[in-house]
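Treat the numbers as computed from the prediction; the structure is a model and nothing was measured. All heavy atoms count here, side chains included; hydrogens, waters and symmetry mates do not.
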Amino acid sequence: MEVLHPPAGRIPSRIDGNANNLSVVMRVAYGEISFLLTGDVEQDVEEYLVENRGEELRSDVLKVAHHGSQSSTSSVFLRAVGPQSAVVSAGSENRYGHPHEDVMARLGKAVGNEKVFLTARDGTVEYITDGARLWVKTHSTNTP
């Protein structure tokens, strides 16, 4: 596990002052499989990470930032991460309208709609790996 953000020392002024941008971003790897956990960071931090971390962002699974808010998950960031799957943690019919339809469209284009998981729709999303392969299990409590 590696903490990619916030940076050690002084926080760059372009990302300071916004509590969301102080979220911890971690990359977790087991064998050949990796996960990028992005907290609530917004596009300013995504840009900063692409510029300063580049290839370190490459990950198989992306936990989408800020519940799929329109302020995160830019196309540039998605290209840098190159995920095979993504999960959005957001409550059903939440008052913020998360995830935003633009973010969902970008995710669908990047990984395919069938590999985008939503906790509001799919319930608990569980990724399982042996370090070489990756499986996804969902545990929905929704009744038909």
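- Residue Arg133 holds its CZ atom at 14.0 Å from CG of Asp60, rounded to the nearest 0.5 Å.
- Connection of Leu49 to Leu107 is established within a shared hydrophobic cluster, with ILVMFWY side chains joined at heavy-atom distances below 4.5 Å, either directly or through further cluster members.
- When side chains are defined from C-beta on, Val125 counts as touching Tyr127, because their heavy atoms get closer than 4.5 Å.
- Cluster membership for Val25 and Val61, using ILVMFWY side-chain heavy atoms within less than 4.5 angstrom, is not shared.
- Leu37 and Leu57 fall into different hydrophobic clusters, defined by Ile, Leu, Val, Met, Phe, Trp and Tyr side-chain heavy atoms under 4.5 Å apart, directly or through other members.
- Closest approach of His66 to Ser71, counting heavy atoms only: ND1-OG, 3.4 Å.
- Contact between Thr38 and Lys63 at its shortest, heavy atoms only, is OG1-O, 2.6 Å.
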>> Please evaluate residues Asn18 and Val45 with respect to the criterion side chain to side chain contact (heavy atoms under 4.5 Å, CB included), reporting the C-alpha separation (whole Å), side-chain torsions for both, the decisive distance (0.1 Å), and the verdict.
In response: CA-CA 10 Å; Asn18 178 337; Val45 171; over 6 Å; no
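- Heavy atoms of other residues, nucleotides or ligands lying less than 6.0 angstrom from CD of Glu114 number more than 12.
- Interatomic distance, CG of Leu4 versus CZ of Arg27, reported as 8.0 Å (0.5 Å rounding).
- Side-chain contact between Met104 and Val116 is present, with heavy atoms from C-beta onward closer than 4.5 Å.
- We find the CZ-OG distance between Arg121 and Ser92 to be 11.5 Å, quoted to the nearest 0.5 Å.
- Here the side chains of Leu118 and Pro99 are in contact, with some heavy-atom distance below 4.5 Å.
- Looking at every heavy atom in both residues, Leu134 comes nearest to Phe35 through CD1-CZ, 3.9 Å.
- Residues Ala120 and Gly91 come closest through the heavy atom pair CB-C, 3.9 Å.
- Considering every non-hydrogen atom in both Gln43 and Gln70, the closest pair reads NE2-O, 3.5 Å.
- A continuous path of hydrophobic side-chain contacts links Val103 to Val50 [ILVMFWY only; heavy atoms under 4.5 Å].
- Between Pro7 and Ile11, the closest side-chain pair of non-hydrogen atoms falls below 4.5 Å.
- The shortest heavy-atom contact between Gly68 and Val88 is N-CG1, 3.9 Å.
- Side chains of Thr73 and Glu46 form a contact here, defined as non-hydrogen atoms less than 4.5 Å apart.
- How far OG of Ser72 is from CG of Asn21: 8.0 Å, rounded to the nearest 0.5 Å.
- The shortest side-chain heavy-atom distance between Glu56 and Glu2 falls under the 4.5 Å cut-off.
- The structure places OG of Ser75 at 9.5 Å from CG of Asp102, a figure rounded to the nearest 0.5 Å.
- You'll find the side chain of Pro6 reaches within 4.5 Å of the side chain of Val24, heavy atoms only.
- Hydrophobic clustering (ILVMFWY, side-chain heavy atoms < 4.5 Å, transitive): Ile33 and Val111 are in distinct clusters.
- Side-chain atoms of Ser59 never come within 3.5 Å of backbone atoms of Pro83 as a donor-acceptor pair (strictly under, hydrogens ignored).
- In this structure, the side chains of Phe77 and Leu36 come closer than 4.5 Å at one or more pairs of heavy atoms.
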